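Since the model is a prediction, treat every value here as computed from it, not as a measurement. Protein chains get the first letters and strands the later ones, always in sequence-line order, with residue 1 at the start of each.
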Amino acid sequence: MKKSDLPDPFEHARLEKGHGHFNDQDDAVTMLLRLKDVRKTAKDWETFQSGAAPGRIVVPSEVSIRDTRQIPFEVDPPMHTDYRALVEAWFKRPDEEEYREKLAKIINELVDEMLTRDSVEVVEEFSLKLQSRALTLLLNIPYDESEIWISWGTHVFRSEDSPVDGKKAAILYDYIDEQIDRAIENPGDDLYSVLLASEIEGRKMTKEEVKGVMILTFAGGRDTVINAVTNSIAYLADHPASLARLHNEPEITTRAVEELIRYFSPLTHMGRVATKDTEVCEHAVKANTRVSLCWASANRDAATFNNPNEIDLDRKMNPHVGFGFGIHKCLGATHARQILRILLGILAERVGSIDILDYEENIEDWEEFQRKVGYNNIKVKFNAKN
Amino acid sequence: MAKITFITRNGEKITVEGNDGSLMELAKQNNIKGIDGDCGGVCSCATCHVHVDPAYFEKTGTASEIENDMLELDDNVGEYSRLSCQIPVSDALDGLVLQVAN
């Protein structure tokens, strides 16, 4: 096994029964493991709702640490449709040339710094910085603001000893409250101000609604982007031939990114709450209980993917669910895809090889399943291309 | 060179010309509304869904199983639905008319 491999802990259960069980804070979750079940369930928002108590569809549940509803993520149609339409164009901005150029500048500067060092701890010193600095573009706020977010550390509300830490969450929520007040006092062309000026159902968005969108933007794109970036670097360190191919055949980059997202599945799963007694995969699901859509398992489903445990940069048919599926598919996907496409391009152009010096894996504990999702830390040396 | 006509959801008709690549890429190059092609053409996002004019369905061919699994769960799916990222542009498609699904 290579250091960058992410094994699939779900295979046996996926084949044998199609679901798993996770007892999360006395609100158990039935994890759906097969691609077709995951897609069908994600699509059926009437039976499997997102608009439950705020925090309940997240696994582990954030009900005990959050009252603010994340928007549009924890809302069902018809309101979801209106909210989503309101923010969609803003979150597509990463496809614009000017945005991509700014992102390339951020990444190039970071790579400059990495190439001067004998050892880089990728999670804190590369991925967290990249994620935070790129987020200033998505929010359209000054670059320097990223220093505050970097100082928070890698996890916004995950602490070392508890998967759900209310004190850490409060840092983010208080910060967002302050920023909304600042935007009210002094409106600009940042996301806070744009949301505050937006109308929904013929009225202005409330502060609480704006907060809901902002929490989603911060929390949804932090660990996920950090894991995707860190895992990409570990993969390229282990597979120098892939780094060389990305340099010689840059046209494969888009496809490569989709394949990395499939394989890494930076978000393991996301929950839904059943609105009535129902059944998935011949398994009874009671009303008001939780299921989860296990993207990480679905993305290794051999019924659809040949050699699912291999990263195949040439995979042409790749109907992965790494960004979710259905009406709630990842709002930040355009931003994330551009980060990874530009990152791969710059690394291929400027880095000849990467050596892994030392690392500690980040293993998620879902009782029945132990899943490596990335690294708590990983030290590498970036070697410049000759 | 094939002339391809896209009809968007608001009824706008746009005829464009292409030689190679996929119909999704052709639509993206010409900013056809409703064809996003988010995943770049690997059949993962279903944001390039079109209805093929029945007269041309033989030429574009039918969807593969993987493509069908995606279409099955998409909005506005019909008998002549295809994901345009899975259809290569060729001279044989000259005159093709496509209705953008979403």
Side-chain angles (χ1 to χ4, degrees), chain A residues 34-45 77 81 88-89 91-92 94-96 251-262 265 295 298-299 301 303-306 312-327 329-338 340-341, chain B residues 6 8-10 12 18-50 60-78 81-90 100-102:
Chain A
R34 294 177 183 159
L35 179 64
K36 285 189 183 181
D37 291 328
V38 165
R39 280 211 290 234
K40 214 172 99 193
T41 307
K43 179 76 187 168
D44 184 4
W45 52 264
T81 315
E88 193 82 40
F91 283 86
K92 287 269 184 198
D95 278 341
E96 294 169 8
E251 65 278 6
I252 70 165
T253 307
T254 303
R255 202 176 274 162
V257 165
E258 298 304 314
E259 175 65 348
L260 293 176
I261 293 290
R262 179 193 70 84
S265 294
W295 319 117
N299 281 339
D301 193 332
T304 295
F305 302 104
N306 293 329
D312 174 5
L313 299 185
D314 295 309
R315 201 180 288 275
K316 290 189 176 68
M317 291 294 259
N318 195 349
H320 69 81
V321 288
F323 288 117
F325 187 79
I327 59 169
K329 68 181 177 186
C330 179
L331 184 59
T334 311
H335 178 72
R337 281 180 162 120
Q338 288 301 355
L340 292 174
R341 288 173 191 171
Chain B
F6 291 91
T8 64
R9 290 283 285 174
N10 56 18
E12 201 184 343
N19 283 316
D20 49 16
S22 70
L23 287 174
M24 178 277 286
E25 287 164 337
L26 184 65
K28 285 270 283 182
Q29 284 154 19
N30 291 280
N31 299 313
I32 305 292
K33 202 173 177 318
I35 304 286
D36 294 340
D38 290 341
C39 74
V42 295
C43 208
S44 125
C45 69
T47 61
C48 64
H49 180 180
V50 293
T60 60
T62 51
S64 67
E65 193 190 336
I66 285 178
E67 186 184 334
N68 257 329
D69 287 344
M70 289 296 290
L71 284 165
E72 205 175 270
L73 294 174
D74 204 38
D75 293 332
N76 300 318
V77 68
S81 281
R82 289 295 309 270
L83 294 178
S84 58
C85 70
Q86 298 302 312
I87 308 175
V89 176
S90 73
V100 178
N102 294 301

When the 4.5 angstrom heavy-atom criterion is applied to A:F325 and chain B, the contacting part is side chain
By a 4.5 Å heavy-atom criterion (distance strictly below it), what part of A:T334 contacts chain B: side chain, backbone, both, or neither? neither
Would you give the length of the straight line joining atom CD of B:E72 to atom CZ of A:R39, rounded to the nearest 0.5 angstrom? 8.5 Å
Quick one: NZ on A:K316 to CD1 on B:I66, what's the gap to the nearest 0.5 Å? 13.0 Å
Looking only at heavy atoms and a cut-off of under 4.5 Å, which of B:D38, B:D36, B:V42, B:D74 has the most pairs with chain A? B:V42
So which residue, B:G40, B:G41, B:C43, B:C45, ends up with the most heavy-atom pairs under 4.5 Å with chain A? B:C43
Kindly give the heavy-atom pair with the smallest separation between B:E67 and A:M317, and that separation in Å. N-CE, 4.2 Å
Distance-minimising heavy-atom pair for B:C39 and A:E258: O-CG, 3.4 Å
Go through the steps to decide whether B:D75 and A:K43 satisfy the test side-chain contact (heavy atoms from CB on, under 4.5 Å), and finish with yes or no. CA-CA 10 Å; B:D75 293 332; A:K43 179 76 187 168; 3.1 Å; yes
Most chain B-contacting option - heavy-atom pairs closer than 4.5 Å, from A:R262, A:K92, A:E259: A:K92
Heavy-atom count check: over 12 atoms from other residues, nucleotides or ligands less than 6.0 Å from A:E251 CD? yes
Salt bridge between A:K40 and B:D69, side-chain N to carboxylate O under 4.0 Å? no
